[in-house]
Amino acid sequence: MQRRCFIFLLILVNCLLLGGCKMRKFDNMSDAKEALLMELKEKYSEEFQIKENEKFSKTGYVYVYSCKVVPVNNEERLFSARITSSGDDTDNYSIYEFYNEMVSLVDSSLKSKTYIEHYEVKPTMGWTTNKWENESYSLQEFLEESEAFNEIIVTFSDRKTEEEKINDIFDLVSGLSGIACPIRLNVKVSDGYIFTEEFESRATPLTKTEIKENMSSTKRGRLIEIN
């Protein structure tokens, strides 16, 4: 029994010395904010500030705080972060290490499409405890490990016929399918989305029949939301 206690204490001391068992306790939003900002500073060696979308809740015995954060010196880099009183700290700040590279993967293809009125590319990733730096990881390694993807929002003219929309989406998807990056493509007109699809790197392009079915499904989804 004494030997087990000694081993436990030894492990605990090592964890504390190495920072591997770091946990910041809190039971209110003010302390949670402070804990989150300290964690981010330690992780990225930068100063951050809370921007928006603050949420504080309790699940069982665990308090959870999440929000949108920006670096003090670069408020354009808006990202999500979350901390729990049980020691789980996650964020998606690493997307900015590869942001420009991810946009460049699809930008030239989108610019060449004269039928697009407007488009927006949003590199996106989920919550993670990991930290990726472009000095240590290639873009492809980052995409594979982080499951990041490009969210693309394309706007078409309202004047297009149904057939023109199908043909243009077919051309758009065919061009994007050959790019080595997971993509979530959304196509819209003035009154809402007409097509949405996710596909992996170098996926087989959709057929025109599949695109038409997707458009019908997207339209039904919009009608359900309205009703």
Side-chain angles (χ1 to χ4, degrees), residues 51-55 57 66-70 75-82 90-96 98-128 143 146-227:
K51 189 69 174 178
E52 57 190 35
N53 288 14
E54 292 185 85
K55 296 179 182 178
S57 61
S66 63
C67 60
K68 295 287 187 179
V69 188
V70 294
E75 293 196 18
E76 293 184 357
R77 291 190 162 192
L78 183 69
F79 67 99
S80 300
R82 176 174 57 196
T90 55
D91 62 82
N92 54 14
Y93 186 48
S94 289
I95 194 71
Y96 289 105
F98 301 89
Y99 196 95
N100 292 334
E101 287 182 81
M102 289 180 66
V103 171
S104 296
L105 286 175
V106 298
D107 201 45
S108 58
S109 177
L110 294 169
K111 280 182 178 177
S112 68
K113 308 302 183 183
T114 57
Y115 50 77
I116 294 178
E117 284 202 337
H118 179 265
Y119 71 86
E120 183 178 4
V121 182
K122 296 179 179 179
T124 304
M125 67 181 291
W127 307 89
T128 179
L143 291 173
S146 70
E147 298 183 350
F149 61 93
N150 268 329
E151 181 165 13
I152 302 172
I153 302 173
V154 170
T155 303
F156 281 174
S157 167
D158 292 338
R159 296 187 297 273
K160 287 182 180 294
T161 65
E162 191 77 0
E163 184 177 357
E164 287 175 330
K165 291 173 185 175
I166 292 172
N167 289 337
D168 289 346
I169 292 173
F170 176 78
D171 179 72
L172 181 59
V173 171
S174 297
L176 293 173
S177 295
I179 295 173
C181 175
I183 288 172
R184 178 188 292 164
L185 176 62
N186 302 286
V187 180
K188 67 176 184 177
V189 291
S190 63
D191 65 345
Y193 290 99
I194 61 171
F195 175 88
T196 180
E197 181 68 24
E198 297 180 9
F199 44 93
E200 295 296 321
S201 307
R202 308 202 184 282
T204 303
L206 297 176
T207 65
K208 291 184 180 181
T209 299
E210 290 172 326
I211 290 170
K212 186 174 182 179
E213 291 172 351
N214 182 298
M215 291 174 67
S216 297
S217 176
T218 302
K219 184 177 181 179
R220 285 197 300 271
R222 285 167 53 202
L223 290 174
I224 291 172
E225 290 180 2
I226 292 172
N227 296 328

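These numbers come from a predicted model, not from an experiment.
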- Task: Would you please name every residue forming a side-chain hydrogen bond (donor to acceptor under 3.5 Å, both in side chains) with Glu198, sequence neighbours left out?
- Result: Arg184
- Could you pull out all residues at least two apart from Asn167 that satisfy side-chain hydrogen bond (donor to acceptor under 3.5 Å, both in side chains)?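 Applying side-chain hydrogen bond (donor to acceptor under 3.5 Å, both in side chains) to Asn167 gives Lys208.
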- Under the side-chain contact (heavy atoms from CB on, under 4.5 Å) criterion, do Phe195 and Leu206 qualify, and how do the steps go? CA-CA 12 Å; Phe195 175 88; Leu206 297 176; 3.8 Å; yes
Residues that [X] engages under salt bridge (Lys or Arg N to Asp or Glu O under 4.0 Å), provided they are two or more places apart:
X	result
Lys51	Glu75
Lys68	none
Lys55	none
Glu164	none

- Query: Between Ser104 and Asn100, is any side-chain donor less than 3.5 angstrom from a side-chain acceptor?
  - Reply: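 Result is no, nothing qualifies.
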- Message: Counting neighbours of CD on Glu163 that are heavy atoms of other residues, nucleotides or ligands and sit closer than 6.0 Å, is the number greater than 12?
- Response: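 Count not over threshold, so no.
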- Query: Counting only heavy atoms not in Lys122, do more than 12 fall under 6.0 Å of its NZ?
  - Reply: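 Not buried by this count: 12 neighbours or fewer within 6.0 Å.
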- Message: Testing the basics here: between Ile95 and Ala148, what is the closest heavy-atom pair and its distance to 0.1 Å?
- Response: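 The pair with the smallest heavy-atom distance is CD1-CB, 4.0 Å.
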- To the nearest 0.5 Å, how far apart are CG in Leu78 and CD in Glu52? 5.0 Å
